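When a ligand or atom number is given, it counts from 1 through the structure's own listing order. On a predicted model such as this, the values are computed, not experimentally measured, just so you know.
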Amino acid sequence: MNRILVTGAVGQIGTELVQALRKKYGRDCVIAAGHKTKPTKEFIDSGPFEYLNVLERDQLEKLVLSNDVGTIYHMASILSAVGELNHQLCYEVNMGGVLNVLEVARIHKLERLIIASSIAAFGVRVPRDNAPNDAVLLPTTMYGITKVAGELLGTYYFRKFGVDYRSVRLPGVISSETMPGGGTTDYSVEMYYAAVEGKHYTCFVREDTVLPMMYMPDAIKSLMDLAEADGLRLKHRVFNVNSMSFLARELADSITEIIPTFACDYKPDYRQAIADSWPRSLDDSAAKEEWNWDPTFDLPRMTEDMIRRLQGKLAK
Ligand SMILES: NC(=O)c1ccc[n+]([C@@H]2O[C@H](COP(=O)([O-])OP(=O)(O)OC[C@H]3O[C@@H](n4cnc5c(N)ncnc54)[C@H](O)[C@@H]3O)[C@@H](O)[C@H]2O)c1
């Protein structure tokens, strides 16, 4: 089997995706490519690690050829909140990175290319509840614009050059293992950390803000299940994946069920406008039909698991 390259491997999703892929395919089969963030020693020791700037196509190409890479999981990106603070960097990294991995996949006939998209692709014209898979995408953030352009480019490379590009539109991803990288749904992870550390939390969106979220094990499962799906069954290249949607207040309530002393207030900042431009839930029937998408966690199960894991980490 050709090897797998994960870009953005030291990011929130990349870190755990690398471990899940290594568990499934073997340690040496997965090349983790980080960028500026220094990985932990434990991460470096877990298997092959390289530094890669995805904007350097030659560097990417060398890495792919010298390691016999057949599949790329492209996770390197600038996220929504950081993207609104630095729109040019967001454009350059997100567009340049996607174009480079698509070109390398095309030229070297890679087996598969998985690129993470986001609910930020939708924008304000799409029904906010049960947002359809095939919708008119008119995002109002630079991050969303780059995600739509990435989806269109990937689909173009599939149709024109046969690059086996596949993508999921991930909702806000919540993890006990890695901190989020500057997205609009970061309040959910921050709330759990504050609760477990016995701190008060000031949430940067209103308490009635509803966004779709997903626990990390399900986000990893969505990427890996789609990568392994039978291509003959796929009618789409890009898929909505839904898991759970809740009010910011409901998340706080689920935490106080386990940690009754936890207290939270709400002071919306610039990220409220980003959240208000995103859907509240997604229609993921295409993912269910075409590759049997089936998430595992709901809010109570996630809260219970998050708190148990974070308390375990804190006790060390
Ligand atoms: N985390 C979420 O809630 C979420 C939700 C929807 C979609 N996504 C998507 O999933 C993917 C992974 O997200 P994440 O949460 O792990 O993000 P993250 O910010 O935690 O990680 C992204 C990584 O990309 C790296 N990077 C930045 N510029 C780079 C460059 N020029 N070359 C190489 N690497 C570079 C960063 O160092 C970082 O480690 C992204 O495409 C993101 O848009 C994430």
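- Between Trp278 and Tyr143, the ring planes lie tilted relative to each other; the angle falls in the 30° to 60° range.
- By the 4.0 Å N-to-carboxylate-O rule, Glu151 lies close enough to Arg169 to be salt-bridged with it.
- Numbered from 1 in the order shown, with element, the atoms of ligand 1 that lie under 4.0 Å from a heavy atom of Val93 read 28 (N).
- Under the 3.5 Å distance criterion, the side-chain polar atoms of Asn53 are matched with a main-chain donor or acceptor of Leu55.
- What sits closest to atom 8 (N) of ligand 1 on the protein, heavy atoms only, is Tyr143 OH, 3.7 Å.
- Comparing Gly34, Gly172, Ser77 by heavy-atom distance to atom 24 (O) of ligand 1, the nearest is Ser77.
- Close contacts between ligand 1 and Ser118 involve ligand atoms 6 (C), 7 (C) [criterion: under 4.0 Å to a heavy atom].
- By the 30° and 60° cut-offs, the orientation of the rings of Tyr51 relative to Phe49 is perpendicular.
- Taking every non-hydrogen atom of Leu52 and a distance limit under 4.0 Å, the qualifying atoms of ligand 1 come out as 32 (N), 33 (C).
- Taking only nitrogen or oxygen atoms, main chain and side chain alike, Ile13 reaches within less than 3.5 Å of ligand 1.
- In this structure, the protein non-hydrogen atom closest to atom 31 (N) of ligand 1 is Asn53 OD1, 2.9 Å.
- Ranking protein heavy atoms by distance to atom 7 (C) of ligand 1, first place goes to Ser117 O, 3.3 Å.
- Although no hydrogens or angles enter the test, the distance criterion places no donor-acceptor pair under 3.5 Å between the side chain of Ser118 and the main chain of Ala121.
- Atom NE2 of His236 has more than 12 heavy atoms from other residues, nucleotides or ligands within 6.0 Å.
- Heavy-atom distances between Val10 and ligand 1 reach below 4.0 Å in at least one pair.
- Given atom 17 (O) of ligand 1, the protein heavy atom at minimum distance is Leu79 CD1, 3.3 Å.
- The nearest protein atom to atom 38 (C) of ligand 1, hydrogens excluded, is given as Gly11 CA, 4.2 Å; this is a heavy-atom distance.
- Taking a 4.0 Å cut-off on heavy atoms, Lys147 registers as neighbouring ligand 1.
- Of all protein heavy atoms, the one closest to atom 1 (N) of ligand 1 is Gln12 OE1, 2.8 Å.
- The residue from Thr146, Leu170, Leu17 that puts a heavy atom closest to atom 6 (C) of ligand 1 is Leu170.
- Nearest protein heavy-atom contact of atom 12 (C) of ligand 1 is Met75 O, 3.3 Å.
- With Asp68 contributing its side chain and Arg3 its backbone, the two residues share no donor-acceptor pair below 3.5 Å.
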Let me see the working for Lys288 and Asp294 under side chain to side chain contact (heavy atoms under 4.5 Å, CB included), right down to the final yes or no.
CA-CA 7 Å; Lys288 286 180 173 142; Asp294 184 20; over 6 Å; no

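- Exactly one of Pro295, Ser175, Ser243 qualifies for a side-chain contact (heavy atoms from CB on, under 4.5 Å) with Met214. That residue is Ser243.
- Asn94 places a side-chain N or O within 3.5 Å of a backbone atom of Ile78 that can act as its donor or acceptor partner.
- The option with the heavy atom closest to atom 4 (C) of ligand 1, from among Pro171, Ala76, Ala116, is Pro171.
- Under 4.0 angstrom from ligand 1, there are no non-hydrogen atoms of Ile119.
- At distances below 3.5 Å, at least one donor-acceptor pair connects side-chain atoms of Thr141 with backbone N or O atoms of Gly144.
- Here the protein heavy atom with the shortest distance to atom 34 (N) of ligand 1 is His35 CB, 3.2 Å.
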